[in-house]
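Here's the structure, in structure tokens; my notes come after.
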Amino acid sequence: QVQLVESGGGLVQAGGSLRLSCAASGTFFSLNLMGWYRQAPGKQRELVAVMSSGGGTDYATSVKGRFTISRDDAKNVVYLQMNSLKPEDTAVYYCYLRPNYWGKGTLVTVSS
């Protein structure tokens with residue numbers, strides 16, 4: 001069974017930074033796509049950033065230049081460095097591991 005545990009969420013002022021972490025445990029194919037999605041109140045879950053084992057990345061247009069995804073395959077951890085945060089970044093952030101594993105989410109609140 002695969003478990004994904006997120007950490008690092010919290011309350012921050014606009015313009016601030018946070019770093020999210022997601023640790024994966026259990027039995028899975030480590031060379032898989034990992035990343036982050038988010039869901040704001042009243043909205044659908046959306047992709048934030050994902051990274052393949054080969055280092056390829058994909059970012060939502062709204063976070064390009066502000067967020068950076070990275071991963072440590074030796075530790076089975078994926079990170080999301082979030083800079084220049086905006087109130088519209090407020091959401092529950094979910095860790096994702098292909099094919100369909102999800103964490104429980106961590107809340108990020110950005111105050112104006």
Side-chain angles (χ1 to χ4, degrees):
Q1 187 172 357
V2 175
Q3 280 193 320
L4 301 176
V5 179
E6 303 101 334
S7 61
L11 174 64
V12 63
Q13 288 189 328
S17 299
L18 283 174
R19 188 192 196 207
L20 305 183
S21 300
C22 172
S25 61
T27 302
F28 57 90
F29 184 52
S30 62
L31 300 181
N32 260 343
L33 191 80
M34 287 187 75
W36 297 91
Y37 284 68
R38 68 186 180 187
Q39 188 166 17
K43 295 187 176 181
Q44 290 188 329
R45 191 173 297 188
E46 63 175 1
L47 180 145
V48 177
V50 290
M51 178 178 254
S52 70
S53 59
T57 58
D58 189 18
Y59 290 92
T61 300
S62 60
V63 308
K64 282 182 180 178
R66 300 188 298 122
F67 291 10
T68 302
I69 188 171
S70 61
R71 58 190 284 170
D72 184 337
D73 285 349
K75 298 180 179 180
N76 293 328
V77 176
V78 63
Y79 304 98
L80 185 69
Q81 178 66 44
M82 305 186 294
N83 298 327
S84 302
L85 283 159
K86 304 176 181 180
E88 50 264 43
D89 294 318
T90 295
V92 177
Y93 284 70
Y94 296 92
C95 182
Y96 167 76
L97 170 66
R98 182 178 282 176
N100 194 30
Y101 300 109
W102 295 90
K104 293 183 178 181
T106 185
L107 177 63
V108 172
T109 304
V110 184
S111 63
S112 57

State plainly whether one hydrophobic cluster holds both [X] and [Y], where clusters connect Ile, Leu, Val, Met, Phe, Trp and Tyr through side-chain heavy atoms under 4.5 angstrom apart.
X	Y	value
Val92	Trp102	yes
Val5	Tyr101	no
Tyr79	Tyr93	no
Leu80	Val12	yes

How far does [atom1] of [X] sit from [atom2] of [Y], to the nearest 0.5 angstrom?
X	Y	atom1	atom2	result
Leu107	Thr90	CG	OG1	7.5 Å
Tyr59	Ile69	OH	CD1	6.0 Å
Leu20	Gln81	CG	CD	9.0 Å
Lys86	Ser62	NZ	OG	8.0 Å
Tyr94	Thr106	OH	OG1	10.0 Å

Over all heavy atoms of both residues, which pair between [X] and [Y] is shortest? Give the atoms and the distance, please.
X	Y	result
Ser53	Arg71	N-NH1, 3.6 Å
Val78	Ser70	CG2-O, 3.2 Å
Ala14	Ser112	CB-CA, 4.4 Å

Answer yes or no: is there a side-chain heavy-atom contact under 4.5 Å between [X] and [Y]?
X	Y	answer
Met82	Val110	no
Asp89	Arg66	yes
Phe67	Leu85	yes

Without swapping roles, check the side chain of [X] against the backbone of [Y] for a donor-acceptor pair under 3.5 Å.
X	Y	value
Tyr96	Pro99	yes
Thr57	Met51	no
Asn32	Leu97	no
Gln39	Ala91	no

request  = Decide, yes or no, whether a salt bridge links Lys104 with Glu6 under the criterion of side-chain N to carboxylate O below 4.0 Å.
outcome  =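 Between Glu6 and Lys104 there is no salt bridge, as every charged N stays at least 4.0 Å from the carboxylate O atoms.
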key: Sequence-distant partners of Arg45, side chain to side chain donor-acceptor pair (under 3.5 Å), two or more places apart   =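 Applying side chain to side chain donor-acceptor pair (under 3.5 Å) to Arg45 gives none.
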query = Does atom CD of Glu46 have more than 12 heavy-atom neighbours from other groups under 6.0 Å away?
reply =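 Check passes, neighbour count above 12.
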